[in-house]
4 protein chains.
Amino acid sequence: MSSQSTKRKPRSPLAVEQVGRVPQQGRSKASYERMFAAARTLMLERGDEEFTLIEVSQRGNVSIGSIYLRFESKDNLVRAVICEALEEIVSAEEAMFERLADEARDLGEFVPRYVNDYAEVLRVNAPLLRLAMRRAAFDPLISAPGKQVADRSAAGANRAMLRFSAEIGGDAALKADSVYHIIFATLARELSLGSTAESARNYDWEPLKRELARMCLAYLRQQP
Amino acid sequence: MSSQSTKRKPRSPLAVEQVGRVPQQGRSKASYERMFAAARTLMLERGDEEFTLIEVSQRGNVSIGSIYLRFESKDNLVRAVICEALEEIVSAEEAMFERLADEARDLGEFVPRYVNDYAEVLRVNAPLLRLAMRRAAFDPLISAPGKQVADRSAAGANRAMLRFSAEIGGDAALKADSVYHIIFATLARELSLGSTAESARNYDWEPLKRELARMCLAYLRQQP
Amino acid sequence: MSSQSTKRKPRSPLAVEQVGRVPQQGRSKASYERMFAAARTLMLERGDEEFTLIEVSQRGNVSIGSIYLRFESKDNLVRAVICEALEEIVSAEEAMFERLADEARDLGEFVPRYVNDYAEVLRVNAPLLRLAMRRAAFDPLISAPGKQVADRSAAGANRAMLRFSAEIGGDAALKADSVYHIIFATLARELSLGSTAESARNYDWEPLKRELARMCLAYLRQQP
Amino acid sequence: MSSQSTKRKPRSPLAVEQVGRVPQQGRSKASYERMFAAARTLMLERGDEEFTLIEVSQRGNVSIGSIYLRFESKDNLVRAVICEALEEIVSAEEAMFERLADEARDLGEFVPRYVNDYAEVLRVNAPLLRLAMRRAAFDPLISAPGKQVADRSAAGANRAMLRFSAEIGGDAALKADSVYHIIFATLARELSLGSTAESARNYDWEPLKRELARMCLAYLRQQP
DNA sequence: TATGAATGAGTATTCATTCAT
DNA sequence: GATGAATGAATACTCATTCAT
């Protein structure tokens, strides 16, 4: 009703906000940003738990107490960093789907572009996404929003593909869903989302994406 | 086949041996087995580092000192357990390929069976494989043998598929390799071999395998 | 009796006032009351130090700074609450002695009534009295007024008993003083005023009071 | 049956032993003694929790880890010290009762001696007994053995008095029990067992004991 | 060989108090 | 007067590794 609800974009489509309150005022905000950034940097350098609050305090130039003023625990600080990354991914995907909707006129155009663009979204966010997935394995406060992100992703991809259902032979919904899973699994693996053994991939990234798209297209178009 | 296989049983096709010496004699061997088994059990219960050498000592009924006599460090003990699991996987895969060679007469028979059987091999070994992949992300002494296992796996799959290269349209080698990667990625993801966020998968396992096989077949058979 | 009692209501017969200034005006006073009440409640719930000024600030709806404006420290806030309780005890005892003076006509009437009524006064104030005694063990700012309360108590009891000195055999003053000490010690113990090990007393309260009175009477009346 | 059960005095009549294992061998034992003594000293200097494990480690010349080898936690270390004190009190009381049994021929001899001797037992052990009683207020692992000690004490005193029941007028058992409670309460209070406000007692100790004994005797002998 | 007691560095968290606004 | 965000010192506990016996 008020101006509030009309102007603002709905912050966080994820149920993620509860972890750490963002202060709104100037100095406060700045100190919040510093500790958040310090934590983020350290997490990227070392892994999601391999850092000390003392380090955050020193790098971020904030007192230990300040950290506890915003985040109830080290865990919550870690979660906040991860959740922010999840939100960024959601935004990036949304932008990607909008772009694809304009550009792709048929399945043959859509699939390769989707594979490429989605790969790019994941690649850009891979470092924190890796931490997110690792942590989701044991932390429900990460697996829940993580699941949301994954579901959105799947839903977006399915919706996009089903715009071309006329081109799809057989059970279009089933095929689209399978395609999404296989694409995500392949890209995730290539980006070592899930910390794989062969992290230093020597298999070529570009050919894989191309063949992956071909495979999906062949499958989608195939009549039963 | 090689001279290697005639003289002694081919212990560890992997370059893994440096990690912990297996004593050949009775009492020593028994105590080695006990500490190894205790560590393996604890790793499966809690994760690859979430146990204490004291716990190994108690459960395995061996002294702390004994453990250090066989394994230079806790890390090496963990590595030994993981490497043994990798070897088991290699064996299981070899058995699988032999079986498939007898049973599958054409690509249409081979691909679905391979997907199924490989899925089973991975599923059975998933718990330790998960630990292996997690650890490989930061421990070169695991990522190296892990890479070997992966390469063997890929090579085996490629070789098997190329027996039917006549049925494959276009660049058979490229396609086979792509297929292998995509199958592995999809199965690995489904088994959470990389600790994914959506660990409690609600997507159906059986349909995915079926569609995965269809996709691969459609792709392989497709003429350029 | 004295000039003191005519001009103003005898606020605090104890040398306790230094601890926290009570503001006289409306809003200020109200906020003082709220923080005081919040502290008192928390102390009764958790013990005299087991609460946080942040909790006082939240429950009492006052800012941390306000608390420091009235009380120089957390310790002083605690002291203020305890001292108020001591004053209440003094009032209750004075009322009790006035009542007893009217009702008790001889030693045989006085002693049992005194034991009963004093027990009641202590019982009602036991929760904060317990905190007072605990703290007096190490805080001179509590032990001093605590001593005053105890001395008043002893003096009142002695004075009352000595009204019946004709009935007392031998050194009436010594006997009265001894009786007071023994009565207080026994009641205090029974009320766990001093945090005793056997806090859940199973010994019966009523018989003890009766026998305690008998013991005191037998002693007081006994000729040397 | 074995020599074990005949030679050894039954260690710890209290169910207290579970808190911290006493090592039996030389060097181990010595280090145990050092950390125990250091903790005891610190507790007497500062109170039962007002010390740091680092201090124990330094004063006792043992590593922090060693402390945790014997005591699972700081709390358990504190408990062990307190429990040992409780056991000493039990021994001292037993010795006292044996002595009194030989010396006291009638109630008139027994009561004053008992008051004196019991006062001495409590006085000697007062410092740790104070800590014991304080802690018993919130720690069941102390209140339980504390209750045992108190019950033994009461039972011993009752038994001793009832040897002279012929001299006691009326309900001897009730009177004896009342006398015990009142004596203990009075002595405990005088020794500030329970951290009293007037810790620096100026009332005379000796007269109180004398009058306390008189009071009890007058009461016990009084015919109903 | 085998033992297992001893070591001690390393870290998340709390909360009374201050002081810029 | 009033506020409440910021401070930072202080402390129990873990566990891989060593080495005297």
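- Residues D/Phe51 and D/Lys74 form a side-chain contact, since some pair of their non-hydrogen atoms from C-beta on lies under 4.5 Å apart.
- Paired regions of DNA chain E, where each region holds three or more successive Watson-Crick or G-U pairs whose two hydrogen-bonding distances fall under 3.5 Å, are E:2-21 with F:2-21.
- Under the side-chain contact (heavy atoms from CB on, under 4.5 Å) criterion, B/Glu45 pairs with B/Thr41, B/Leu42, B/Arg59, not counting sequence neighbours.
- Take A/Ser57 and apply the side-chain contact (heavy atoms from CB on, under 4.5 Å) test, not counting sequence neighbours, and it matches A/Ile64, A/Ile67.
- Counting to the nearest Å, the P atom of F/dC15 and the CG atom of B/Leu77 are 15 Å from each other.
- The salt bridge (Lys or Arg N to Asp or Glu O under 4.0 Å) test applied to A/Glu50 returns no partner, not counting sequence neighbours.
- Scanning for salt bridge (Lys or Arg N to Asp or Glu O under 4.0 Å) contacts around A/Arg46 gives A/Glu55, with sequence neighbours left out.
- Applying the 4.0 Å criterion to OP1 and OP2 of E/dA12, one finds that A/Ser73 has every side-chain N and O outside that range.
- Of the candidate nucleotides F/dA12, E/dT13, E/dA6, E/dT13 has the atom nearest to the side chain of A/Lys74.
- In this structure, the CG atom of A/Asp75 is 16 Å from the P atom of E/dT11, given to the nearest Å.
- In terms of the side-chain contact (heavy atoms from CB on, under 4.5 Å) criterion, residue partners of A/Ser73 (sequence neighbours excluded) are, by chain and number, A/Asp75, A/Asn76.
- D/Leu69 meets the side-chain contact (heavy atoms from CB on, under 4.5 Å) test with no other residue; sequence neighbours excluded.
- Scored by the side chain to side chain donor-acceptor pair (under 3.5 Å) test, A/Glu49 finds A/Arg135 as partners (sequence neighbours excluded).
- Contacts with DNA chain F (heavy atom under 4.0 Å) in residues 42-69 of chain C: C/Ser63, C/Ile64, C/Gly65, C/Ser66, C/Leu69, listed by number.
- C/Ala132 and C/Ile142 get closest at one heavy-atom pair: O-CG2, 3.5 Å.
- The side chain of B/Arg70 places no N or O atom within less than 4.0 Å of a non-bridging phosphate oxygen (OP1 or OP2) of E/dT1.
- Atom-to-atom, CD of D/Glu72 to C1' of F/dC15 comes out at 15 Å; the value is rounded to the nearest Å.
- Remark: the separation of the C1' atoms in E/dT1 and F/dT21 is 13 Å, to the nearest Å.
- Between D/Phe71 atom CZ and F/dT14 atom C1' there is a gap of 18 Å when expressed in whole angstrom units.
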